[in-house]
Amino acid sequence: MEKKLMKGCEAIGEAAICAGARLFFGYPITPQNEIPEYLSSRMPQVGGTFVQAESEVAASNMLYGASGAGKRVITSSSSPGISLMGEALSYMAGAELPAVIVSIMRAGPGLGGILPSQSDYFQATKGGGHGDYRVMVLAPETVQEAVDHTIKAFDYADKYRNPVIILADGILGQMMEPVTFPEPVRPEDLPEKPWATTGAKGRERNIVNSLYLNPDVLEERNWQLVKKYEAMREDVEFDTYHLDDEVDVMIVAYGTVARIARTAVDTMREQGMRVGLFRPVTVYPFPSDALAEAADKAGAVLTSELSTGQMLEDVKAAIAGKRPVEFFGRVGGNLMAPEEIVEQVTALMERQGRSVA
Amino acid sequence: MSAVTTSSQHAEFEPLEALTRPVVILVGHAGSGKSEIAVNLAVRLTALGRRATLIDLDLIKPYFRSRIVRDALGDAGIEVVVPGGEMVYADIPIVCPEVRGHIGVARGGREGGRWGTEAERPTLLIDAGGNDNGARVLGSLAEVIDPNLTDLLFVVNISRPFADDSEALSRMVTDIENASGLKVTGLVSNTHLMDETTPEIIEKGLEASRALSRSSGVPLRFCGVPHNLFPLPSNKGEALGCPVLVVERYILPPHVQRKAGFRRALAL
């Protein structure tokens with residue numbers, strides 16, 4: 001297929017159609033409006049349905065309903081909007097409903113600003129809604145990866161009967177890159193969902209619910225869900241750049257920051273500095289084992305994010321004190337330039353008493 | 001500011017020769033390259049020793065607007081008109097009062113001979129937002145925009161979704177004309193795939209722009225060619241049969257090192 005030049009948001013929209021989704025429910029918010037805008041044009045062309053709901057609360061509960069009926073369904077929003085979807089997210093996890101939620105992060109807290117950030121890492125990976133639940137979270141770095149992750153997200157959602165979040169900063173949502181799409185899946189060719197509420201004629205009724213009044217039954221259910229969340233580890237994904245040999249500093253970053261760090265690593269490598277990059281691709285489940293192993297070959301670790309230090313906690317937990325872990329973040333909608341990462345790494349090496357080439 | 005470095009390479013295909021009206025407005029599909037073309041035209045005018053003022057009138061997209069390079073343009077002597085204070089970061093429909101003033105001054109310069117020489121007369125470049133939604137703001141400026149003194153350039157990139165066939169292009173021209181109350185006076189062929197652009201992609205886009213020109217009767221004014229592909233290997237530019245604007249990428253994502261393009265174009 002011929003390559004198209006697409007914004008991350010548009011590409012995510014087209015990828016959802018490729019994955020066989022024919023239902024989008026959402027509510028506008030910058031910087032992800034290009035997803036609903038794109039799908040409002042495309043869904044009718046493929047026999048799908050686009051609904052601009054009255055709020056994010058409504059949209060996310062429409063997701064619950066459509067998913068319960070066995071359909072592939074997607075929504076998208078940005079920071080405050082995802083907060084409003086937290087309740088439905090918890091209900092979907094509780095009722096074991098697959099759905100794809102695209103979170104295009106802008107700067108917070110509160111209304112914040114419309115510029116890019118990664119400060120909803122906690123919201124995506126640690127909860128967002130109530131109760132003991134987890135959702136798988138994929139963090140693309142390029143527009144092509146946003147396409148690939150969106151398609152995979154639908155498969156993971158069905159595999160684990162659980163919501164999956166695509167977590168990207170506003171830059172990735174807004175930037176344009178050439179992309180290709182795989183052969184689209186026809187919705188009618190997707191595997192049956194025997195648990196879905198598709199009409200009980202000739203079979204036992206299927207119930208989609210998350211209400212368990214009996215504490216023993218609910219406790220049992222919680223532990224069953226934990227087993228499922230642990231099983232997600234088999235789909236952990238990460239990426240490394242210049243980490244085959246020992247390095248003085250290993251940068252850990254995801255999404256757009258990983259990309260900025262790559263440019264910084266190239267610059268530093270040209271100067272003879274021993275620096276590499278570890279990029280978590282799934283941020284839940286977090287690639288803790290792989291990161292700990294990579295840290296064994298690194299003198300020190302620099303975590304860089306567009307937050308005041310969120311993924312940092314997962315990095316520290318994985319490395320468990322074996323190596324010094326330092327942090328460099330920009331927030332408020334500001335981004336770091338590649339040169340700033342070079343400065344931070346250089347300063348860290350000096351503090352560690354390592355020669356800077 | 002020092003000498004021009006690139007002008008001699010393609011002086012005979014100078015796209016600015018075709019832009020004689022004091023107000024130049026860029027319209028087109030979202031993501032077709034209006035902002036990048038607007039910034040490139042401003043830099044090109046400056047490189048040729050002419051004056052340029054750029055109005056970022058994009059009320060549609062929140063990021064990657066021409067205003068993000070306003071400091072670099074300011075250093076090059078190009079005034080960029082954007083909403084003041086923190087509103088420069090907003091994505092709400094603000095038309096600052098200076099916009100009307102600038103359009104009036106540009107008209108006066110033409111009509112009243114206010115500027116001593118052509119070189120002193122600034123060309124006013126207006127970067128409108130994408131699609132007919134983005135062009136609608138121009139309708140609100142109807143009382144100050146004089147169609148006889150204005151070029152409305154429609155930027156074409158057939159690599160973009162919803163912009164890849166002749167019907168979609170013609171429909172967008174009509175929609176933009178209806179929304180803005182102005183007629184498109186020129187086409188700009190700007191088909192590319194960012195870093196993956198090839199001469200074939202440019203030529204295919206040029207064909208589509210020519211077809212649109214034939215069906216609409218609107219002349220093709222120039223073709224954008226990325227600086228790293230200029231001159232095109234097959235024809236060194238001339239055989240393209242239209243002026244070429246050598247396009248630098250100024251509006252870049254954060255992982256790309258900045259400033260190289262400005263240095264190249266202006267020898268800053």
Side-chain angles (χ1 to χ4, degrees), chain A residues 2-11 13-14 29-34 37-38 41-42 45 78 104 106-107 113-116 141-143 169-180 255-264 266-267 306 330 332-341, chain B residues 29-36 58-65 67-68 86-93 129-131 133-134 155-165 168 171-172 190-198 200-201 204-205 226 249 251-260:
Chain A
E2 208 168 65
K3 281 202 172 179
K4 281 277 164 206
L5 184 62
M6 293 180 91
K7 296 184 184 190
C9 283
E10 298 165 339
E14 186 61 33
I29 182 171
T30 306
Q32 62 80 55
N33 288 321
E34 290 77 3
E37 188 185 19
Y38 185 86
S41 297
R42 280 290 282 144
Q45 290 176 352
S78 180
I104 305 289
R106 61 186 243 177
I114 64 169
L115 293 174
E141 184 192 14
T142 64
V143 176
D169 52 83
I171 287 287
L172 188 58
Q174 293 294 322
M175 72 181 288
M176 291 200 293
E177 288 189 296
V179 281
T180 51
T256 290
V257 182
R259 216 146 170 200
I260 297 168
R262 252 177 234 277
T263 307
D266 290 342
T267 306
L306 300 176
R330 293 295 307 267
N334 283 318
L335 294 144
M336 60 284 282
E339 305 88 74
E340 286 178 82
I341 294 187
Chain B
H29 276 97
S32 56
K34 297 171 294 299
S35 300
E36 201 68 275
D58 192 333
L59 309 183
I60 302 292
K61 66 180 185 286
Y63 298 180
F64 298 112
R65 295 177 286 198
R67 67 190 66 173
I68 69 171
E86 63 178 22
M87 284 305 157
V88 71
Y89 303 108
D91 64 339
I92 46 184
N131 297 345
N133 289 335
V155 181
V156 177
N157 180 352
I158 62 166
S159 298
R160 292 281 299 144
F162 308 122
D164 47 2
D165 65 67
R171 197 168 50 238
M172 187 54 80
N190 188 46
T191 294
H192 67 90
L193 262 184
M194 297 281 185
D195 296 342
E196 296 180 31
T197 310
T198 61
E200 294 70 36
I201 287 170
K204 196 178 161 200
R249 273 185 75 192
I251 303 170
L252 293 163
H255 63 276
V256 181
Q257 304 277 11
R258 291 168 188 274
K259 293 182 184 159

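Keep in mind that what you see is a predicted model, and the values were worked out from it rather than measured. Just so it is clear: chains get the letters A, B, ... in the order the sequence lines come, proteins before strands, and each one is counted from 1.
- In this structure, chain B has a heavy atom under 4.5 Å from the side chain of A/Leu335, while its backbone stays farther away.
- Using a 4.5 Å cut-off between heavy atoms, A/Glu34 touches chain B through its side chain atoms alone.
- Here the closest non-hydrogen pair linking B/Pro254 and A/Thr256 is CG-CG2, 3.8 Å.
- For the atom pair CE of B/Met194 and CE of A/Met175, the computed distance is 7.0 Å after rounding to the nearest 0.5 Å.
- Using modelled atom types, one side-chain atom of A/Thr263 and one backbone atom of B/His255 make a donor-acceptor pair closer than 3.5 Å.
- Not counting sequence neighbours, A/Asp266 has no partner by the salt bridge (charged side-chain N to carboxylate O under 4.0 Å, His left out) test.
- Neither the backbone nor the side chain of B/Asp195 comes within less than 4.5 Å of any heavy atom of chain A.
- Proximity to chain A (any heavy atom under 4.5 Å) is shown, for B/Ala163, by neither the backbone nor the side chain.
- The local environment of CD in B/Glu86 is sparse, with at most 12 non-hydrogen atoms from other residues, nucleotides or ligands closer than 6.0 Å.
- Nearest heavy-atom pair across B/Tyr63 and A/Pro31 is OH-CG, 3.3 Å.
- At a threshold of 4.0 Å, the pair A/Glu10-B/Arg160 counts as salt-bridged, since one of the basic side-chain nitrogens sits closer than that to a carboxylate oxygen.
- The CG atom of A/Leu115 sits 9.5 Å away from atom CG of B/Asp91, with the distance rounded to the nearest 0.5 Å.
- In this structure, no portion of B/Ile201 lies under 4.5 Å from any heavy atom of chain A.
- Counted within 6.0 Å of NZ on A/Lys3, heavy atoms from surrounding residues, nucleotides or ligands total more than 12; the atom is thus considered enclosed.
- Across A/Lys4 and B/Asp164, no two heavy atoms sit closer than the pair NZ-OD2, 2.9 Å.
- Put simply, CD on A/Glu2 and CG on B/Leu193 are 8.0 Å apart, with the number rounded to the nearest 0.5 Å.
- The OH atom of B/Tyr89 sits 11.0 Å away from the CD1 atom of A/Ile114 when rounded to the nearest 0.5 Å.
- Using a 4.5 Å cut-off between heavy atoms, B/Phe64 contacts chain A through its side chain alone, with no backbone atom that close.
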